[in-house]
Protein chains: 2
Amino acid sequence: MGPEQHAMLVSIARRHYLDGVSKVDIAKERGISRYKVGRLLQTALDEGIVRIEIQARGGIDYELSEALRVKYGLRRALAAETPDEVHVHHGIGQVASALLSEIVTRDDVLGVDCGRTLASMARQLHSLERCDVVQLTGMAGVIGQTATDITRVISEVNGGRVFPIYAPYIVPDVHTAQTLRNHPAIRSAMNYYPKITKACVAIGAWTPELSQMYPLLNSADAQRLAQRGVVAETCALTVGADGQRIDAVDERRIGVSDTALKKIPDVIALAGGRGKTRAVDAVLKSGMVNSIVTDTFLAARLLGDRPD
Amino acid sequence: MGPEQHAMLVSIARRHYLDGVSKVDIAKERGISRYKVGRLLQTALDEGIVRIEIQARGGIDYELSEALRVKYGLRRALAAETPDEVHVHHGIGQVASALLSEIVTRDDVLGVDCGRTLASMARQLHSLERCDVVQLTGMAGVIGQTATDITRVISEVNGGRVFPIYAPYIVPDVHTAQTLRNHPAIRSAMNYYPKITKACVAIGAWTPELSQMYPLLNSADAQRLAQRGVVAETCALTVGADGQRIDAVDERRIGVSDTALKKIPDVIALAGGRGKTRAVDAVLKSGMVNSIVTDTFLAARLLGDRPD
DNA sequence: TCCGGCTCTGCACATATGAGCACACCGCTT
DNA sequence: AAGCGGTGTGCTCATATGTGCAGAGCCGGA
């Protein structure tokens, strides 16, 4: 292509894409037909003279996110860019806290699970509309990362009412569980579950290290569940590889039921790091959550169907 | 703006600008109105999420070129990017040769003036449609840069017929000029002038160094012309600052007349370097040329109305 | 010289798009 | 309770735009 042709393409492209002049008007300006202008602009596009770039804000890989969203039919998916594959909690927490700030409104009721990533999210929460905060599960895990701690931190940020559950995640026998569920404060929280409109939950893989729940069982029970196909849990609700519920110790749990969880309009899972690919895949297929915040590495593995 | 909103903007922008999906279809995909899609895309544009860049090919500044073209109402203008303001001939010659290759067709008749820049153009001419080449002016200047040399070099490239003028640019008296014009070979060339469809000419400023013509006059004549307002010449046709013809030694010239030059459909001037701003401005205003190939420095000065 | 393929052009017609407008909703004040 | 700006939404209607198609010119080969 010669310089005259090139100059005309550049000039017309400028006029259209930068000055916003319509093709019809450009055609009038230059005394050519609008079809010709359209075709010249198409040429400019094909030749790479006009480049359209989507400049995503840093911190999130929107291409991976969108692919993930489509693959699992989610309401939203966000893949946080993290420095490496190990220290992903901070990044996921940051994105999740921004997400919460964005979507939580005054009359939401927010349900909260436990976990390291959720704790990071809560710590990074700068502002949040005042709303009720309900603890979705009993207490488990390291101090400062239990659902009770997270619930408290969030309520401190937004000044909302709190519905904590001062009770363990899993208790040794059914009777104790029933007793606890009848405790007025706990009952008050659990009665509020149907009102929850948004929830943040963690996803655990079925290993002692990658689940808050696994270590609470005796190892025989845990292994028996593994043999029955459990690969993941969220809110201590165990699921198999295809996302099907595998009823485990439900009657000994203190927390939201799977049916109640599914009725929450907006359930956001937070999960990242090595070893969780199959678990996240399973929970996303379970229908118990409709949004995911993860890291780019895990997102890529989910899309590539490669477990870790 | 929160990550969800941002992700949606990015996702929609991708779909529209990269995948080419219409706003209506995107609206259907996402179950929202087309107005909303339009407004989201506008937001994405305003927020800088979508960036449209016009990637010009190197070697030419198309922005300056276009501004120049509009300012002088030219058919085309090209500002060559050159390493510095002194060695501009190579760059201008390169662009001009590419331009010639592009626009010259088999049944064009090409008229050629003399000068350093035109010589550079001719040397860099790789391929050119076969066409007749006519010398527009007598010989002047350094050997190898006369119109005769340039005409020959061009014809060697394209194998076309040549109409040279073996005669000086300017002769001492009217009689000699008339005699030469009646010489069969010269007459044959000059009779061909009305058939010329495209021409390349140089622009000289009215100083001994910056014009092929000035040194051919005795200094008294030259200075007298300067007093009459001559600031530039092309093809030894002198013009004043507003582009008006100032009849100088026309009867002693051997070359195309101003009326004949104006009748050529496409006259391309080549000029660049320091000290030529007023001269180029004048010639562009004269209506004798309708295209310019110059360097970016001179182009910028022409646009800034700053003489050098 | 004729012919087939090729490119370029502009048309008709269906869609897509832009712009102003009215209306509903919301939080806030009087 | 009523008033009231601000915001977001979808409407109508005039334009702008995309697409398939047919004709014109052009070129190379039979």
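Note that the structure is a prediction, hence the values are computed from the model and not measured. Every chain is numbered from 1 and lettered A, B, ... according to where its sequence line falls, protein lines coming before strand lines.
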Quick one: is [N] close enough that its OP1 or OP2 comes under 4.0 Å of any side-chain N or O from [X]?
{"X": "K23(B)", "N": "dG18(C)", "value": "yes"}
{"X": "S33(A)", "N": "dG10(C)", "value": "yes"}
{"X": "K36(A)", "N": "dT9(C)", "value": "yes"}

Can you measure [X] atom [atom1] to [N] atom [atom2] for me and round it to whole angstrom units?
{"X": "D25(B)", "N": "dT15(C)", "atom1": "CG", "atom2": "C1'", "answer": "10 Å"}
{"X": "R15(A)", "N": "dA16(D)", "atom1": "CZ", "atom2": "P", "answer": "14 Å"}
{"X": "D107(B)", "N": "dG25(D)", "atom1": "CG", "atom2": "P", "answer": "15 Å"}
{"X": "R34(B)", "N": "dC13(D)", "atom1": "CZ", "atom2": "P", "answer": "13 Å"}
{"X": "L40(B)", "N": "dT17(C)", "atom1": "CG", "atom2": "P", "answer": "14 Å"}
{"X": "Q42(B)", "N": "dG20(C)", "atom1": "CD", "atom2": "P", "answer": "13 Å"}
{"X": "I12(A)", "N": "dT17(D)", "atom1": "CD1", "atom2": "P", "answer": "13 Å"}
{"X": "H16(A)", "N": "dT15(D)", "atom1": "NE2", "atom2": "C1'", "answer": "14 Å"}

> So, R15(A) and E29(A), do they make that salt bridge, N to O below 4.0 Å?
Replying inline: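 Result for this pair is yes, salt bridge flagged.
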> With distance as the sole criterion, is a donor-acceptor pair present between the side chains of S11(A) and E66(B) under 3.5 Å?
Replying inline: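 On atom types as modelled, these side chains qualify, holding a pair under 3.5 Å.
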>> For a quick check under 3.5 Å, do Y192(A) and R161(A) share a side-chain donor-acceptor pair by atom type?
In response: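 Looking only at side-chain atoms, R161(A) and Y192(A) do form a donor-acceptor pair, the distance falling under 3.5 Å.
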> When the nearest nucleotide of DNA chain D is assigned to I32(B) and to K28(A) on a heavy-atom basis, which residue is associated with the more 5' position?
Replying inline: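 Residue closer to the 5' terminus by nearest nucleotide: I32(B).
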> For DNA chain D, whose closest nucleotide is more 5', that of S22(A) or that of R106(B)?
Replying inline: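 Per heavy-atom nearest nucleotide, the more 5' residue is S22(A).
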Which nucleotide in [options] has an atom nearest any side-chain atom of [X]:
{"X": "R39(B)", "options": "dT17(C), dT9(D), dT17(D)", "value": "dT9(D)"}
{"X": "Y35(A)", "options": "dT19(D), dG20(C), dT17(C)", "value": "dT19(D)"}
{"X": "V24(A)", "options": "dA16(D), dT12(D), dG20(D)", "value": "dA16(D)"}

> Applying the side-chain contact (heavy atoms from CB on, under 4.5 Å) test to V37(A), which of R30(A), K23(A), Q42(A) qualifies?
Replying inline: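 Passing option: K23(A).
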> Which heavy atom in L125(A) sits nearest to a heavy atom in S97(A), and how many Å separate them?
Replying inline: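 So the minimum-distance heavy-atom pair works out to CD1-O, 3.4 Å.
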